[in-house]
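All remarks here apply to the structure that follows.
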Amino acid sequence: MSVPPAASVPSDASAPPGASAHSGLPAAIAYFSPEFGITAALPQYSGGLGILAGDHLKAASDLGVPLLGVGLLYRHGYFRQSLSREGWQQEHYPLLDPNELPLTHLSEADGRPVRVTLTLPGVRPLSARVWQAQVGRVPLLLLDSDLEENGHGERDVTDRLYGGGSEHRLRQEMLLGIGGVRAVRAYCRLTGHPEPEVFHTNEGHAGFQGLERIRELVADGADFDAAHEAVRAGTVFTTHTPVPAGIDRFDRELVARHFGDDAELPGIEAERILALGMETYPGGEPGLFNMAVMGLRLAQRANGVSTLHGRVSREMFAGLWPGFDPEEVPITSVTNGVHAPTWTAPEVARLGARQFGHLPDGELWELRRTLRKRLVAEVRRRLYDSWRQRGAGTAELGWIDGVLDPDVLTIGFARRVPSYKRLTLMLRDRDRLTRLLLHPERPVQIVVAGKAHPADEGGKRLVQELVRFADDPRVCHRLVFLPDYGMGMAQRLYPGCDVWLNNPLRPLEACGTSGMKAALNGGLNLSVLDGWWDEWYDPDFGWAIPTADGEAVDETRRDDLEAAALYDLLERRVAPCFYDRGPEGLPGRWIGMVRRTLTTLGPRVLADRMVREYVDRLYVPAARSHRALDPSAAAGLATWKARLRAAWPGVAVDHVEAQPTPPSPGGAAELGSVLSLRVWVRLGGLDPADVAVQVVAGRVDDADRITDATHVPLAPASGSDAEGRLRYEGTLALDRTGPFGYTVRVLPVHRLLAHPAEAGLIAVPSRTTSEAAGVLMR
């Protein structure tokens with residue numbers, strides 16, 4: 001069984017999004033994210049999620065997509081990183097003055113700054129002002145609680161990104177979601193900007209925006225269920241994590257305390273709110289409130305951020321749609337992209353992808369050497385500053401002038417430092433790594449950067465382990481660790497590296513866009529097949545690190561095997577390809593890979609492509625659903641679902657008869673046969689128009705599960721029989737070789753459902769109903 005096929009992306013990359021296929025473009029889309037990486041001058045990001053959000057806004061501006069960004073303004077940003085003399089990560093939180101940032105106040109007509117107010121338990125107010133940044137044509141609203149009228153605790157709600165305990169995080173997310181909607185309403189009121197028809201929640205942190213919109217509709221007279229349906233119709237939810245540990249989960253009692261008559265969203269029962277975040281699936285914890293679960297229940301459309309991550313997400317959240325195979329869980333995928341003008345070196349941007357197909361090898365190679373030489377100078381400058389911060393005197397640092405070589409194969413690795421990204425996998429066999437770094441004919445040099453979360457002691461130990469190895473006088477000129485990784489550093493690092501290394505534990509990398517940014521500049525990728533690389537890997541673009549992810553392999557053994565595979569690739573394939581020079585002193589095979597990366601892979605990884613996919617596959621359908629779900633239609637849909645759920649226990653596939661043509665001796669059908677089906681169904685009082693009866697057929701795996709399925713509708717053939725059953729009939733062509741089987745199922749249908757699994761209801765034959773539904777061929 002599979003999700004519906006994705007709509008194709010327009011082939012004409014120059015067509016404006018409002019034209020042709022985009023004729024249903026929403027009047028506006030509100031894009032909520034806890035962090036935005038717009039520019040180094042506005043440090044409101046920690047890593048990939050924020051950089052992705054910034055690139056999303058920039059690409060929307062380039063394309064003319066009417067996006068409106070919503071986030072928080074953190075007075076200390078994330079944190080600045082330095083190293084102690086011993087190589088231990090140290091955090092610094094410089095105070096940011098909004099008046100010195102590229103921001104303006106959102107003000108009322110009389111000049112007073114706009115205030116957004118939330119109510120905390122005990123009827124305590126939490127006020128926030130609204131700052132505005134302009135990202136090209138896209139406005140970005142940032143809420144700031146550091147106001148004198150707030151109490152000390154309330155002022156600190158927007159103190160820093162991803163800091164504080166559970167209650168602090170909950171209040172941040174309430175301000176982002178609930179306060180964010182109120183800021184959007186104020187902005188539209190004051191500027192005449194169109195009200196958003198679509199609300200896009202970038203990860204679960206902003207999920208409370210759906211509750212605020214429900215509150216608005218309830219205040220206008222809708223009941224909760226009708227308001228819920230109306231809000232879902234216009235909401236898109238993007239999940240970015242492939243692991244449950246990456247999701248914000250709060251104690252139910254903490255959440256309950258923040259909602260109700262003496263806190264936020266009065267008039268909405270706290271139990272209705274809590275039910276949205278309940279982990280009602282097997283293995284879930286009923287005492288916790290799950291922000292991603294709420295995000296999925298408040299959104300009619302959801303997606304992961306790569307094809308593999310979409311598959312992982314469907315499996316991870318399948319329990320929310322019991323009875324459906326993971327392949328049919330209504331979570332699609334839109335693979336992330338990166339904003340070329342932000343991440344492409346000026347020299348590369350001036351040439352453009354089309355010219356690289358005709359650029360002589362010598363000129364392309366010289367371009368890559370120019371970028372590498374610039375990186376070497378940047379690394380030396382930053383390394384000198386780092387050692388000065390570590391307490392070294394000028395007289396100790398003469399060796400830095402010899403760090404890195406502009407003619408040596410240069411590998412980059414720069415990430416956040418959670419354990420699954422495996423910062424120190426390269427250190428698994430230090431002697432072998434040292435031999436690679438110091439090879440007399442084919443040396444390698446590596447530039448590493450990354451921040452561990454301030455509360456992650458394990459991540460800090462990984463940083464220290466890497467730094468101590470880089471401090472070794474034998475290799476310090478070939479391997480460096482640069483502290484305080486951020487956008488400014490990244491914009492020099494990506495273009496200057498010949499190879500971008502990524503070695504996460506598969507499949508824990510949702511997308512991993514850093515390698516995309518390297519590819520835009522002609523860098524080749526050396527990566528585990530995870531995230532986007534699993535989708536677009538090609539030998540023309542780099543190398544795939546084999547994974548040892550079988551169930552029988554323990555974590556230590558897996559790291560040993562994959563590290564060995566990494567060393568083998570570097571030693572036997574990557575370095576020889578770089579240093580194998582032809583008669584003119586040029587590495588012909590390498591230059592060919594660089595050229596194909598720039599001309600073929602580069603256009604695929606663009607944020608323009610990503611935003612177009614969001615428009616075609618998610619924003620336009622969500623806008624149509626939003627328009628269709630007026631108050632009357634939303635109330636009707638809510639009533640229909642309530643009737644459906646009440647009656648569904650009485651829905652059953654009662655009997656199945658199958659007759660192959662031509663007849664098959666022994667009961668096993670043959671290829672080319674046609675199966676005539678007659679199915680008796682009980683509808684439990686529902687109308688036949690409320691359901692669809694289908695045959696699901698396809699190949700059968702070793703566990704007798706149907707895969708690669710097709711769905712064939714059956715038609716009602718008569719009225720009710722004496723037992724109140726309806727008969728459905730149809731035919732199934734047996735057109736595949738190998739093990740082939742089928743089953744029958746009943747699903748709800750309604751013109752306002754976006755997906756057959758949306759209602760989470762399904763009826764299939766019981767084991768005793770009939771032996772006819774099963775395996776037909778072996």
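No hydrogens, no waters, no symmetry mates; every other heavy atom, side chains included, goes into these values.
Two residues are said to be in side-chain contact when any heavy atoms from C-beta on lie closer than 4.5 Å; His755 and Phe324 fail this criterion. Here the side chains of Thr597 and Asp540 are not in contact, with every heavy-atom distance at 4.5 Å or above. Taking the side chain as every heavy atom from C-beta outward, Trp543 and Leu524 approach each other to under 4.5 Å. Residues Tyr485 and Arg416 form no side-chain contact, since every pair of their non-hydrogen atoms from C-beta on lies 4.5 Å or further apart. Between Val293 and Tyr281 there is a side-chain heavy-atom pair separated by less than 4.5 Å. Asp159 is listed as a side-chain neighbour of His168, based on a closest heavy-atom distance under 4.5 Å. Contact of the Asn202 side chain with the Leu52 side chain is registered, since non-hydrogen atoms from C-beta on lie closer than 4.5 Å. By the 4.5 Å heavy-atom criterion applied to side chains, Arg428 and Leu566 are not counted as neighbours.
The side chain to side chain contact (heavy atoms under 4.5 Å, CB included) with Val499 is formed by just one residue from the set Thr410, Asn525, Ile411, Leu569; it is Ile411. Of the options Val408, Leu404, Val403, a side chain to side chain contact (heavy atoms under 4.5 Å, CB included) to Arg478 is made by Val408 and by none of the others.
The two residues Ala59 and Asp608 make their nearest non-hydrogen contact at CB-OD1, 3.6 Å. Scanning all heavy atoms of the two residues, the minimum distance from Pro326 to Arg705 falls at CD-NH2, 4.0 Å. Scanning all heavy atoms of the two residues, the minimum distance from Ala470 to Val480 falls at CB-CA, 4.4 Å. Val574 approaches Trp590 most closely through the heavy-atom pair O-CZ3, 3.5 Å. Nearest approach of Trp533 to Ala544, heavy atoms of both residues: NE1-CA, 4.0 Å.
Annotation: the span from Cys497 atom SG to Phe413 atom CZ amounts to 12.0 Å, rounded to 0.5 Å. Note that CZ of Arg297 and CZ of Phe237 are 12.0 Å apart. Values are rounded to the nearest 0.5 Å. Within the model, atoms CD of Gln44 and CD1 of Ile38 stand 10.0 Å from one another, a figure rounded to the nearest 0.5 Å. Atom CZ of residue Phe289 and atom CE of residue Met294 lie 4.5 Å apart, to the nearest 0.5 angstrom. Rounding to the nearest 0.5 Å gives a distance of 8.0 Å between CG of Asp484 and OG of Ser82. We find the CD-CD distance between Gln464 and Glu457 to be 10.5 Å, quoted to the nearest 0.5 Å.
Glu35 and Tyr74 share no side-chain donor-acceptor pair at under 3.5 Å. For the residue pair Thr434/Arg474, the side-chain donor-acceptor check at 3.5 Å is not satisfied. Side chains of Glu535 and Thr307: a donor on one and an acceptor on the other come within 3.5 Å. Between His309 and Ser333, the side chains place no donor N or O within less than 3.5 Å of an acceptor N or O (distance only, hydrogens not considered).
Counting only distance, with no hydrogens or angles, the side chain of His56 and the backbone of Tyr31 share no donor-acceptor pair below 3.5 Å. Checking side-chain atoms of Gln172 against main-chain N and O of Val157 turns up a donor-acceptor pair under 3.5 Å. A donor-acceptor pair is defined here as one N or O able to donate and one able to accept, closer than 3.5 Å; such a pair exists between the side chain of Glu203 and the backbone of His240. Judged purely by atom type and a 3.5 angstrom limit, Asp55 uses its side chain to pair as donor or acceptor with the backbone of His339. With hydrogens and angles disregarded, no donor-acceptor distance shorter than 3.5 Å links the side chain of Glu509 to the backbone of Lys421. Proximity of a side-chain donor or acceptor of Asp554 to a complementary backbone N or O of Thr556 within less than 3.5 Å is detected. Checking side-chain atoms of Asn503 against main-chain N and O of Arg422 turns up a donor-acceptor pair under 3.5 Å. Not a single donor-acceptor pair under 3.5 Å links the side chain of Asp471 to the backbone N or O of Glu86. A donor-acceptor pair under 3.5 Å is formed between the side chain of Arg609 and the backbone N or O of Arg604. Side-chain N or O atoms of Tyr567 include one that pairs as donor or acceptor with a backbone N or O of Met426 at under 3.5 Å.
Ring orientation note: the planes of Tyr93 and His76 are nearly perpendicular, at an angle over 60° on the 30°/60° scale. Ring geometry for Tyr78 against Tyr162 counts as perpendicular: the plane angle is over 60°, on a 0 to 90° scale with 30° as the lower cut.
Using a cutoff of 4.0 Å between basic side-chain nitrogens and carboxylate oxygens, Glu465 and Arg461 are not scored as salt-bridged.
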* To do: Might you work through the salt bridge (charged side-chain N to carboxylate O under 4.0 Å, His left out) test for Lys451 and Asp456, ending with a clear yes or no?
  => CA-CA 10 Å; Lys451 292 179 177 180; Asp456 182 5; over 6 Å; no

* To do: Could you check Arg506 against Asp534 for salt bridge (charged side-chain N to carboxylate O under 4.0 Å, His left out), going step by step and ending with a plain yes or no?
  => CA-CA 10 Å; Arg506 187 182 192 271; Asp534 179 75; 3.0 Å; yes

* To do: Could you check Tyr494 against Trp343 for ring pair (Phe, Tyr, Trp, His ring centres under 6.0 Å), going step by step and ending with a plain yes or no?
  => CA-CA 8 Å; Tyr494 294 127; Trp343 302 110; 5.7 Å; yes

* Asked: Thr238 and Asn303: side-chain hydrogen bond (donor to acceptor under 3.5 Å, both in side chains), yes or no, with the steps?
  -> CA-CA 5 Å; Thr238 298; Asn303 68 285; 2.8 Å; yes

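When the side chain to side chain donor-acceptor pair (under 3.5 Å) test is applied to Glu279, the partners found at least two apart in sequence or on another chain are Arg249, Asn290.
Within 6.0 Å of atom CZ in Arg558, more than 12 heavy atoms from other residues, nucleotides or ligands are found, so the atom counts as buried in its surroundings. Arg573 CZ: 12 or fewer foreign heavy atoms inside a 6.0 Å radius. The number of heavy-atom neighbours closer than 6.0 Å to CZ of Arg557, taken from other residues, nucleotides and ligands shown, is 12 or below.
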